[in-house]
Amino acid sequence: MASARAPAKVIITGEHFVVHGQPALAAAINLYSKSSVIPSLTDTIKISALNLGVEATYKPTVESVKTSTPNAQKIIEPFRLLINEILNRAKIRSVGLHLKVMSQIPIGVGLGSSASTAVSSIVALARFLNLNLTTEEICEVAMIQERLIHKHPSGIDPTTIVHGGVILFRIGRPPIRLTPKRNLCFIIGNTGLTRTTGDLVTEVSKHFGEDEFEMVSEEVGRITLQAAEAYEREDFKELGRLMNKNHELLVRIGVSTPMLNKLVEASRRAGALGAKLTGAGGGGCIVALSTPEYKDRIMKAIMDAGGQPYQVLIDEYGAKHSDLDQ
Ligand code: PMV
């Protein structure tokens with residue numbers, strides 16, 4: 001048996017514009033998906049998405065997939081593509097295995113649940129098949145699933161999840177890992193409203209004329225670089241201010257909602273150093289930056305405003321094998 005776990009992620013600054021080449025700052029957080037692979041005696045592949053109650057079986061050499069329910073296909077297909085890619089890379093045509101995927105990450109709310117389950121599955125499958133993959137290769141394979149689900153993803157989700165810690169990300173460049181700071185507290189506020197990242201990314205591209213888009217895009221890029229510097233020198237007050245500024249620009253491009261703004265306002269009033277929507281917007285989550293003494297007040301404020309709060313810590317390790325298969 002081989003097992004692996006992978007964290008969730010939160011974008012601190014720079015979402016959306018990262019798709020258009022700007023830098024973005026993201027952190028891996030301590031909510032996890034876990035995948036395990038066990039051998040099967042027949043040459044059949046079985047995929048179980050345990051917390052969704054969905055299963056599928058198929059033979060790698062045959063295209064037809066038998067799923068537990070008709071709409072399970074949409075959930076299973078991304079995993080089938082990942083398995084195919086891993087088998088190709090391992091030069092294996094026929095194999096029997098059972099991939100089990102479990103996750104504690106809320107789905108469709110901007111915390112990277114699909115990238116996390118992809119990455120934990122890739123790491124577990126590669127381990128099971130004795131295939132050595134570099135971090136870049138793991139991200140490359142995860143992008144197959146990300147493209148299917150999110151249309152034009154930047155790659156920030158799998159990159160942050162694979163590496164762990166706090167990442168300064170830019171398309172086409174190696175990620176820069178910043179030193180994680182322990183005394184930093186993130187509170188997530190979940191609106192509970194799911195949405196489709198790909199559709200929001202497409203909407204944003206249509207929102208402005210080219211010149212205005214370019215101007216906002218460059219401003220957000222500058223905010224991210226300043227945020228990374230503020231983070232490095234542990235100037236969390238400045239980091240919070242930059243997160244607030246970033247939120248205003250996300251409001252301007254039309255991806256915030258009244259509920260997201262309400263959670264942002266409630267967090268700031270309760271003492272957050274900064275708060276903004278995180279991820280694609282249109283629902284999903286906000287992230288608030290807090291000092292340890294304000295975190296309970298912020299959590300309560302989010303709850304009173306109708307959101308679901310989670311206090312999260314930075315995951316420093318990224319995707320890794322779990323000890324179960326030692
Ligand atoms: O899927 P989400 O909500 O985590 O969005 C990711 C951030 C975007 O910049 C909106 C898209 C991307 O691929 O970078």
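We count ligands from 1, going down the list as the structure has it; atoms in each ligand are counted the same way. Here the structure is a predicted model, which means the values were calculated and not measured.
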For ligand 1, which atoms have a heavy atom of [X] less than 4.0 angstrom away?
| X | value |
| --- | --- |
| Val18 | 9 (O), 14 (O) |
| Val19 | 9 (O), 11 (C), 12 (C), 14 (O) |
| Ile156 | 14 (O) |

Students should be able to answer this: which protein heavy-atom is nearest to [atom], and at what distance?
| atom | result |
| --- | --- |
| atom 7 (C) of ligand 1 | Ile11 CD1, 3.5 Å |
| atom 1 (O) of ligand 1 | Thr197 OG1, 2.7 Å |
| atom 8 (C) of ligand 1 | His16 N, 3.9 Å |
| atom 12 (C) of ligand 1 | Ser154 OG, 3.3 Å |

- Task: Using a strict 4.0 Å threshold on nitrogen-to-oxygen distance, state whether Glu316 and Arg177 make a salt bridge.
- Result: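 Here Glu316 does not pair with Arg177 in a salt bridge, since their nearest N and O are not under 4.0 Å apart.
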
- Item | Side-chain ion pair, Lys300 and Asp304, N-O less than 4.0 Å |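 Salt bridge present between Lys300 and Asp304.
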
- Query: Atom CG of Leu82 and atom CD of Glu77: how far apart are they, to the nearest 0.5 Å?
  - Reply: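 Reported to 0.5 Å precision, the distance equals 10.0 Å.
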
N or O contact, [X] vs ligand 1, cut-off under 3.5 Å:
| X | result |
| --- | --- |
| Val201 | no |
| His150 | no |
| Lys9 | yes |

- Query: So is Glu146 in contact with ligand 1, going by heavy-atom distances below 4.0 Å?
  - Reply: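 Checking ligand 1 against Glu146, which is what was asked, there is no heavy-atom contact under 4.0 Å.
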
- Test Val37 against Met1 for side chain to side chain contact (heavy atoms under 4.5 Å, CB included), laying out the working first. CA-CA 6 Å; Val37 183; Met1 163 156 156; over 6 Å; no

